[in-house]
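To keep things clear, I will list the structure first and then write my remarks on it.
Note that ligands are numbered from 1 as they come in the structure, with each ligand's atoms numbered from 1 the same way.
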Amino acid sequence: MAFDLATRLAERRAAHLFRQRPLLEGPQGPEVRVDGQSLLAFCSNDYLGLANHPEVIAALRAGAEKWGVGGGASHLVIGHSTPHHELEETLAEFTGRPRALLFSTGYMANLAAVTALVGQGDTVLEDRLNHASLLDAGLLSGARFSRYLHNDAASLANRLEKATGNTLVVTDGVFSMDGDLADLPALCAEARRNKAWMMVDDAHGFGPLGATGGGIVEHFGLGLDDVPVLVGTLGKAFGTAGAFVAGSEELIETLIQFARPYIYTTSQPPAVACATLKSLELLQSEGWRRDHLNTLIARFRQGAAEIGLTLMDSPTPIQPILVGDSERAMQLSAMLKARGLLVGAIRPPTVPAGSGRLRVTLSAAHSEAQLERLLQALAECWPLLANPEEGADA
Ligand SMILES: *Cc1c(COP(=O)(O)O)cnc(C)c1O
């Protein structure tokens, strides 16, 4: 029987994989109201606390007064306005690249870049833990698609030897579910040795990483020759919405000419670009946000180790607690929620089977006292979880 959706949904429930959308009843911030309950949240990607910043809000409001609401059309028709253009120029300067191109979402930026650069007869090599948008882009491109072992330059080298046509190597900068950094110095060296191009999606690195928030390329000091295609998203540490690709004049012009997810969509509201210009300014100039965040990260890792939690090799605000199966991940999340804390459980297929986890994310908007509340709750819940029977009663 075709379209037996009820069975499909029931199976998902039975496998503890059914997803539900928490309803947020106020702005982003550490203290949120969700489904009628006040909670202390550790699951947002608003790493620098800019999503609800008064100056960013004021810039959005002023932008709307001046530019209206809708983008009106695609960039190539009549939707490319002065704030979009100014933001592109500012992002180029920020990334130290000749040019940058603004997109409405990171998903689209990734689809656009990969599908415009490689096609039939070419090769795309991706880290097996890359973000879904990058994996989808690789499949959609029609290029020969292969995944190398996570962050493994030798595994990449092996595949590069067999690559045909133009070859694009694609990696997350900061891996979104593990929080670890791509070993870019080694990966870029392999790519260059084989005349392949490196594409880095640094959705989670821009803002938290680098002396001025310039992300993983600033962290490692990598230029245009190492990373010809650099992607950033604006909905995370920038606190707004959209994404960009930064690179050479020719790369950006190629995307404008050939990238279907760029051409066939309406531009983002220009007022959002006004807001991003303000948040970029704060992201660069307010180094205290990064310093405070790093203090919280260090304290969390120390406190979690004392409790005996299994953390991952992450120097970033993404600090997953490895739990194992989906049910246990859900249980721990529920126990924390009962204590007033919101931490998302991440389950397959978002992460590999058997690696269910709580994805704790920290933000510069969290206070040290709020972090202590999380550690205290984890210290209480973790021993209960070790014994599933007791955990279920908690
Ligand atoms: C969030 C994310 C994206 C998608 O960006 P959106 O702007 O939310 O569409 C792409 N890549 C990575 C690594 C991400 O974490």
Side-chain angles (χ1 to χ4, degrees), residues 21 24 28 43-48 50-51 71 84 87-88 91 95 100-115 124 126-141 147 150-151 168-182 184 187 198-209 215-217 219 227 229-246 255 259-262 265-269 272-273 275-276 279-280 283 312 314 316-320 344 346 349-351 357 359-363:
R21 304 169 303 167
L24 181 65
Q28 288 293 332
C43 47
S44 157
N45 300 320
D46 179 25
Y47 302 123
L48 296 181
L50 296 176
H84 299 129
L87 178 56
E88 289 181 345
L91 286 167
T95 54
L101 190 68
L102 184 63
F103 286 83
S104 294
T105 75
Y107 197 109
M108 293 167 72
N110 285 336
L111 281 194
V114 174
T115 59
V124 58
E126 300 208 17
D127 188 293
R128 51 182 306 140
L129 296 190
N130 272 356
H131 189 262
S133 58
L134 295 170
L135 300 172
D136 291 357
L139 290 169
L140 188 67
S141 71
R147 299 200 282 176
H150 176 53
N151 226 355
L168 189 64
V169 179
V170 185
T171 183
D172 281 20
V174 172
F175 287 88
S176 53
M177 293 302 138
D178 294 34
D180 56 334
L181 304 189
L184 284 191
L187 297 168
M198 197 77 202
M199 169 170 162
V200 175
D201 170 4
D202 204 18
H204 301 274
F206 280 110
L209 289 182
I216 195 164
V217 294
H219 175 82
V227 181
V229 189
L230 180 60
V231 178
T233 72
L234 304 172
K236 289 165 181 150
F238 284 82
T240 58
F244 62 89
V245 178
L255 296 180
R260 295 166 65 88
Y262 182 76
T265 196
T266 303
S267 64
Q268 69 168 206
V272 173
T276 305
S279 75
L280 174 56
L283 177 149
M312 304 191 82
S314 165
T316 69
I318 302 168
Q319 291 292 333
I346 308 283
T350 308
V351 294
R357 64 197 68 177
R359 182 172 178 269
V360 171
T361 56
L362 301 170
S363 165

(request) Evaluate the side-chain proximity of Leu184 to Met198: yes if any heavy-atom separation is below 4.5 Å, no if none is. (result) yes
(message) If you define the side chain from C-beta out and look only at heavy atoms, does anything of Phe244 sit under 4.5 Å from Thr95?
(response) yes
(message) Quick check against the 3.5 Å criterion: does Asn130 have a side-chain atom that pairs as donor or acceptor with the backbone of Asp172?
(response) yes
(message) Could you check whether any side-chain N or O of Thr240 sits under 3.5 Å from a backbone N or O of Val272, counting only pairs where one atom can act as donor and the other as acceptor?
(response) no
(message) Apply side chain to side chain contact (heavy atoms under 4.5 Å, CB included) to residues Phe206 and Leu230 and explain how you reach the verdict.
(response) CA-CA 11 Å; Phe206 280 110; Leu230 180 60; 3.8 Å; yes
(request) Run through ligand 1 for me and note each protein residue having a heavy atom under 4.0 Å from it, chain first, then residue number. (result) Thr105, Gly106, Tyr107, Asn110, His131, Ser133, Asp172, Ser176, Asp201, Ala203, His204, Thr233, Lys236, Gly242
(request) Verify the distance criterion only: is there a donor paired with an acceptor across the side chains of His150 and Asp180 at less than 3.5 Å? (result) yes
